[in-house]
Amino acid sequence: MNRIEGKLVLLGGGKMGRALIKGVLSAGVTTESQLTVVEPHAGAQQWWRDELPGVSVTGDGQAAIEAAQIVLVAVKPNVVQQVAGSFSGSWGERLVISIAAGVTLERLQNLFDSRCVVRVMPNTPCLVGAGASAYACGEAVSSEQAATVAAIFSAVGVVDQVDEQLLDAVTGLSGSGPAYVFVIIEALADGGVAAGLPRPLAMQLATQTVLGAAQLLQETGEHPAALKDAVASPGGTTIAGLSVLEQNGLRSAMIEAVKAATERSRALGSHA
Ligand SMILES: NC(=O)C1=CN([C@@H]2O[C@H](COP(=O)(O)OP(=O)(O)OC[C@H]3O[C@@H](n4cnc5c(N)ncnc54)[C@H](O)[C@@H]3O)[C@@H](O)[C@H]2O)C=CC1
Ligand SMILES: O=C(O)[C@@H]1CCC=N1
């Protein structure tokens with residue numbers, strides 16, 4: 001795993017900032033002493049002091065940003081403008097990496113008055129090293145800086161560089177997707193409970209079934225339809241279940257969910 005050089009500042013120590021930094025630290029891509037977290041809320045600051053006492057935490061990022069080579073922006077989309085304006089120096093050649101949903105490279109370039117900006121869409125499984133991320137680079141991002149982005153996000157999962165126009169769809173699929181899968185797991189477990197299983201056993205079976213199916217798909221490289229067909233015996237249990245999923249529009253619900261989240265990402269970008 002590539003170690004990154006230089007000081008890194010995280011702007012926004014909330015859910016995603018925590019997931020990314022914990023993952024990156026445990027992969028050894030950076031160290032606690034290279035890191036400063038800028039976070040205004042006392043409760044969130046306390047989390048960092050309790051969980052990662054070697055990381056500096058501050059409410060005022062001026063000095064830390066001055067000393068940093070890399071700035072990771074993990075605030076809500078409507079706060080990006082505020083954090084960009086809160087630094088009184090020039091953002092200059094610093095690498096600014098934003099994970100804010102919908103906030104475009106053009107918008108980032110304007111807000112940070114810099115062409116060294118990268119727009120990334122990660123997801124929460126980064127916390128356990130199983131994230132899925134994609135990124136697009138601004139006009140002046142060097143190949144070394146792009147490699148730094150790849151090093152950070154490959155430390156916490158898989159990462160691809162894409163054309164920026166694809167990032168709203170990435171947001172709708174893999175950025176928001178963990179939530180869809182959690183709903184599926186919860187619903188599978190509810191079904192198990194309805195069919196008479198104790199809740200803890202139902203949760204374990206539902207979770208492991210989703211994990212195992214994903215792993216089987218990934219490791220065999222088979223088409224999902226072929227793997228689905230292999231489960232469904234003629235006149236058996238699975239085809240009875242699949243038939244109910246089709247009657248209730250599961251596929252179409254999934255497609256519409258990704259499309260709706262993609263549209264929402266586009267809308268967030270136009271309002272951020
Ligand atoms: N939650 C998710 O699954 C994903 C979120 N994202 C993006 O990540 C960004 C952060 O999302 P979450 O971590 O879920 O939100 P969050 O609300 O958990 O974290 C945001 C943090 O920013 C802090 N903050 C507010 N104003 C600030 C300021 N002026 N300076 C520094 N920090 C400030 C807040 O106190 C909070 O701790 C969003 O832009 C979101 O679109 C991207 C991928 C997945
Ligand atoms: O719901 C959101 O806006 C963020 C972006 C992707 C996942 N969560």
Side-chain angles (χ1 to χ4, degrees), residues 8-24 35-52 55-65 68 71-88 96-105 107-108 111-112 117-128 130-136 149 152-153 156-159 162 166-183 257-272:
L8 193 155
V9 169
L10 172 70
L11 301 181
K15 289 183 288 294
M16 243 1 251
R18 293 170 195 181
L20 284 174
I21 296 301
K22 272 204 148 182
V24 165
L35 256 169
T36 300
V37 177
V38 180
E39 169 57 62
H41 289 108
Q45 288 185 351
Q46 197 56 47
W47 181 91
W48 287 90
R49 296 199 174 101
D50 292 342
E51 294 285 321
L52 295 167
V55 173
S56 303
V57 183
T58 175
D60 176 1
Q62 184 67 29
I65 295 168
V71 178
L72 183 55
V73 181
V75 293
K76 293 288 186 197
N78 62 357
V79 182
V80 175
Q81 178 166 15
Q82 185 190 328
V83 299
S86 68
F87 179 55
S88 67
V96 175
I97 304 169
S98 165
I99 64 164
V103 182
T104 62
L105 283 174
R107 181 85 177 125
L108 292 169
L111 291 175
F112 290 89
V117 294
V118 177
R119 177 181 168 196
V120 189
M121 181 43 57
N123 64 11
T124 52
C126 288
L127 180 60
V128 291
S133 307
Y135 68 97
V149 176
I152 291 172
F153 290 91
V156 290
V158 298
V159 61
V162 298
L166 299 182
L167 279 177
D168 292 310
V170 169
T171 306
L173 174 52
S174 52
S176 298
Y180 315 153
V181 177
F182 296 135
V183 169
V258 174
K259 284 166 63 184
T262 302
E263 281 313 312
R264 182 65 189 142
S265 175
R266 291 198 179 109
L268 282 176
S270 60
H271 297 123

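By convention here, the first residue in the shown sequence is residue 1. Just so it is clear, the structure is predicted and the values come from calculations on it, not from any experiment. In listed order, ligands and their atoms are each counted from 1.
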Chemist: For atom 4 (C) of ligand 2, find the nearest protein heavy atom and state the residue, atom name and distance (0.1 Å precision).
Modeler: A101 CB, 4.8 Å
Chemist: Looking only at heavy atoms, what is the nearest atom pair of V38 and G59, with distance?
Modeler: CG1-O, 4.1 Å
Chemist: Between A64 and V9, which heavy-atom pair has the shortest distance, and what is it?
Modeler: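 A64 and V9 have their closest heavy atoms at O-CG2, 3.5 Å.
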Chemist: Does any N or O atom in T124 lie less than 3.5 angstrom from one in ligand 1, N or O only?
Modeler: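 Among all N and O atoms of T124, none is under 3.5 Å from an N or O of ligand 1.
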Chemist: Give the numbers and elements of all ligand 1 atoms closer than 4.0 Å to a heavy atom of V38.
Modeler: 31 (C), 32 (N)
Chemist: May I ask you to identify the nearest protein heavy atom to atom 28 (C) of ligand 1, giving residue, atom name and distance to one decimal place in Å?
Modeler: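 Residue, atom and distance for the closest contact: V83 CG1, 3.6 Å.
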Chemist: Can you report which non-hydrogen protein atom sits closest to atom 17 (O) of ligand 1, along with the distance?
Modeler: K76 CE, 3.4 Å
Chemist: Quick test: of every protein heavy atom, which one is nearest to atom 42 (C) of ligand 1, and how far off is it to 0.1 Å?
Modeler: I99 O, 3.4 Å
Chemist: Among G175, P122, C126, which one puts a heavy atom closest to atom 43 (C) of ligand 1?
Modeler: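 Comparing heavy atoms across G175, P122, C126, the nearest one to atom 43 (C) of ligand 1 lies in P122.
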Chemist: Might you check, step by step, whether the distance between atom 6 (C) of ligand 2 and some protein heavy atom is under 4.0 Å?
Modeler: yes
Chemist: Looking only at distances, can you tell me whether any N or O atom of P40, backbone or side chain, sits closer than 3.5 Å to an N or O atom of ligand 1?
Modeler: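 Checking ligand 1 against P40, no N or O pair falls under 3.5 Å apart.
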Chemist: List the closest protein heavy-atom neighbour of atom 23 (C) of ligand 1: residue, atom name, distance to the nearest 0.1 Å.
Modeler: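 The answer is E39 OE1, 3.2 Å.
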Chemist: Does T171 form a side chain to side chain contact (heavy atoms under 4.5 Å, CB included) with L268? I'd like the steps, not just the answer.
Modeler: CA-CA 11 Å; T171 306; L268 282 176; over 6 Å; no
Chemist: Tell me which protein heavy atom sits closest to atom 1 (O) of ligand 2, plus the residue, atom name and distance to 0.1 Å.
Modeler: S176 OG, 4.7 Å
Chemist: Can you list the atoms of ligand 1 that are under 4.0 Å from a heavy atom of M121?
Modeler: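 Contacts of ligand 1 toward M121, numbered from 1: 42 (C), 43 (C).
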Chemist: So which heavy atom in the protein is nearest atom 38 (C) of ligand 1, and how far is it from that ligand atom?
Modeler: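 The answer is V75 O, 3.3 Å.
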Chemist: Is there a side-chain contact between V159 and V149 (heavy atoms, below 4.5 Å)?
Modeler: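 With C-beta onward as the side chain, the pair stays apart.
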Chemist: Any idea which protein heavy atom is nearest atom 4 (C) of ligand 1, and the distance to it?
Modeler: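 Checking every protein heavy atom, the shortest distance to atom 4 (C) of ligand 1 gives M16 CG, 3.4 Å.
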Chemist: With a cut-off of 4.0 Å, which atoms of ligand 1 are near a heavy atom of A101?
Modeler: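 The list of qualifying atoms is 39 (O), 41 (O).
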Chemist: Please examine the side chains of R119 and V103, heavy atoms only from C-beta on, and report whether any two atoms are closer than 4.5 Å.
Modeler: no
Chemist: Could you walk me through whether Y180 and L173 pass the side chain to side chain contact (heavy atoms under 4.5 Å, CB included) check?
Modeler: CA-CA 9 Å; Y180 315 153; L173 174 52; 5.8 Å; no
Chemist: Is it true that R18 and E51 have a side-chain N and a carboxylate O under 4.0 angstrom from each other?
Modeler: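 Here R18 does not pair with E51 in a salt bridge, since their nearest N and O are not under 4.0 Å apart.
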Chemist: Between atom CZ of R264 and atom CG of D168, what is the distance when rounded to the nearest 0.5 Å?
Modeler: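 Output value for this atom pair is 11.5 Å.
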Chemist: Can you pull out the closest protein heavy atom to atom 19 (O) of ligand 1? Residue, atom name and distance to 0.1 Å, please.
Modeler: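 Result: G14 CA, 3.2 Å.
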Chemist: Can you tell if the side chain of Y135 reaches within under 4.5 Å of the side chain of L167, non-hydrogen atoms only?
Modeler: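 No, every pair of side-chain atoms sits at 4.5 Å or beyond.
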Chemist: Do the side chains of L20 and I99 get nearer than 4.5 Å, heavy atoms only?
Modeler: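 The answer is yes, as the side chains (C-beta and beyond) meet within the 4.5 Å cut-off.
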Chemist: Would you mind checking which non-hydrogen protein atom is closest to atom 22 (O) of ligand 1, with the distance to 0.1 Å?
Modeler: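 Minimum-distance protein heavy atom for atom 22 (O) of ligand 1 reads G12 CA, 3.5 Å.
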Chemist: Under 4.0 Å from a heavy atom of G175: which atoms of ligand 2 are those, numbered in the order shown and with their elements?
Modeler: 6 (C), 7 (C)
Chemist: Within the structure provided, determine whether I97 and F153 are in side-chain contact (heavy-atom separation under 4.5 Å).
Modeler: yes
Chemist: For ligand 1, is any non-hydrogen atom under 4.0 Å from A74's backbone (N, CA, C, O), its side chain (CB onward), both, or neither?
Modeler: backbone
Chemist: Check whether any side-chain heavy atom of V71 lies under 4.5 Å from a side-chain heavy atom of F87, and answer yes or no.
Modeler: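 A side-chain contact under 4.5 Å is absent here.
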Chemist: Which of the atoms of ligand 1 are close to V79, meaning less than 4.0 Å from one of its heavy atoms?
Modeler: 26 (N), 27 (C), 29 (N)
